[in-house]
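Here the structure comes first, spelled out in structure tokens, and everything after it is commentary.
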Amino acid sequence: MGFIGSGSIGRTLARLAVGAGHQVVLSNSRGPETLADTAAELGPRASAATSEEAAAAGDIIVVTVPVSAFPHVPAAPLAGKTVIDTCNYGPERDGHIPELDSKSLTSSELLLRYVPDALLVKAFNNIFFKHLLSLACQAGAADRSYLPIAGDSAPAKAAVIEFIDSIGYSVVDAGTLAGSWRQATGTPVWGTPYGPYSNEQGQPVGEDAIRAALATATR
């Protein structure tokens with residue numbers, strides 16, 4: 001797996017992925033040398049590289065960057081690959097982007113403009129990174145939590161569901177990228193179901209609760 005961006009969600013996903021037996025290649029905008037300690041901490045299944053190298057290395061690529069950084073995501077090596085988009089739009093951080101402010105596009109549709117040949121799946125954008133780490137559990141566990149995903153490619157969704165299952169979660173298919181606003185910042189499924197940030201352990205969330213939260217989203 002390749003990681004473009006290695007912030008809180010990226011590092012947490014990398015840790016879960018390594019724990020599940022995946023090889024990970026980390027990258028960020030500051031260069032691989034700044035990730036040497038993180039890669040060493042994750043162990044022999046982890047390494048650091050440039051964004052282009054990370055994009056080329058993985059079968060599944062995780063893009064976890066500010067929306068304002070979308071123009072810098074390397075497009076060519078992502079062609080034909082399953083790409084997980086964890087990103088959330090925040091005007092206070094990203095600056096105002098007219099298409100997102102007017103809601104004529106979702107942030108995933110905007111990313112797809114920059115990586116048009118990628119098979120994009122929205123996932124992991126609705127959960128606090130500490131909850132993502134703490135709530136993971138084995139398949140079949142009574143308290144296994146669900147995460148929503150959205151995408152336009154059935155094979156890419158299947159690959160992402162398999163990966164999510166491997167790191168300790170089940171999935172609710174929330175539809176297309178055009179409908180991924182239902183899991184965007186501030187919607188009922190965003191953060192709240194898993195408990196407040198002050199509770200770092202979080203609370204398990206079943207399939208019905210995620211489906212209900214998605215259904216009550218308004219735009």
Backbone N/O of [Y] and side chain of [X]: donor-acceptor pair under 3.5 Å:
X	Y	answer
Thr86	Asn125	no
Ser47	Val25	no
Lys81	Ala56	yes
Ser145	Val205	yes

Non-hydrogen atoms of [X] and [Y] that approach each other most closely:
X	Y	answer
Val67	Asn88	CG2-O, 3.6 Å
Asp94	Pro66	OD1-CB, 3.4 Å
Arg219	Leu105	NH2-O, 3.7 Å
Ala123	Ile149	CB-CG2, 3.8 Å

Flag the pair [X] / [Y] as yes when at least one side-chain heavy-atom distance between them is below 4.5 Å, and no otherwise.
X	Y	result
Pro155	Leu119	no
Asp165	Arg144	yes
Cys87	Val65	yes

Legend entry - Point-to-point distance, once rounded to the nearest 0.5 Å, from CZ of Phe70 to OG of Ser108: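 These two atoms lie 7.0 Å from each other.
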Inset, instruction - Mind checking the OG1-CD1 spacing from Thr50 to Ile4? Nearest 0.5 Å is all I need. - result: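 Spacing of OG1 (Thr50) from CD1 (Ile4) equals 9.5 Å.
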Inset, instruction - List the steps and the verdict of side chain to side chain contact (heavy atoms under 4.5 Å, CB included) for Val62 and Met1. - result: CA-CA 8 Å; Val62 178; Met1 296 191 66; 3.7 Å; yes
Inset, instruction - Tell me yes or no: between the side chains of His22 and Ser166, is some donor less than 3.5 Å from an acceptor? - result: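 Yes, Ser166 and His22 have a side-chain donor paired with an acceptor closer than 3.5 Å.
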Inset, instruction - Answer yes or no: is there an ion pair linking Arg113 with Glu99, defined by an N-O contact shorter than 4.0 Å? - result: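 Answer for the salt bridge query: yes.
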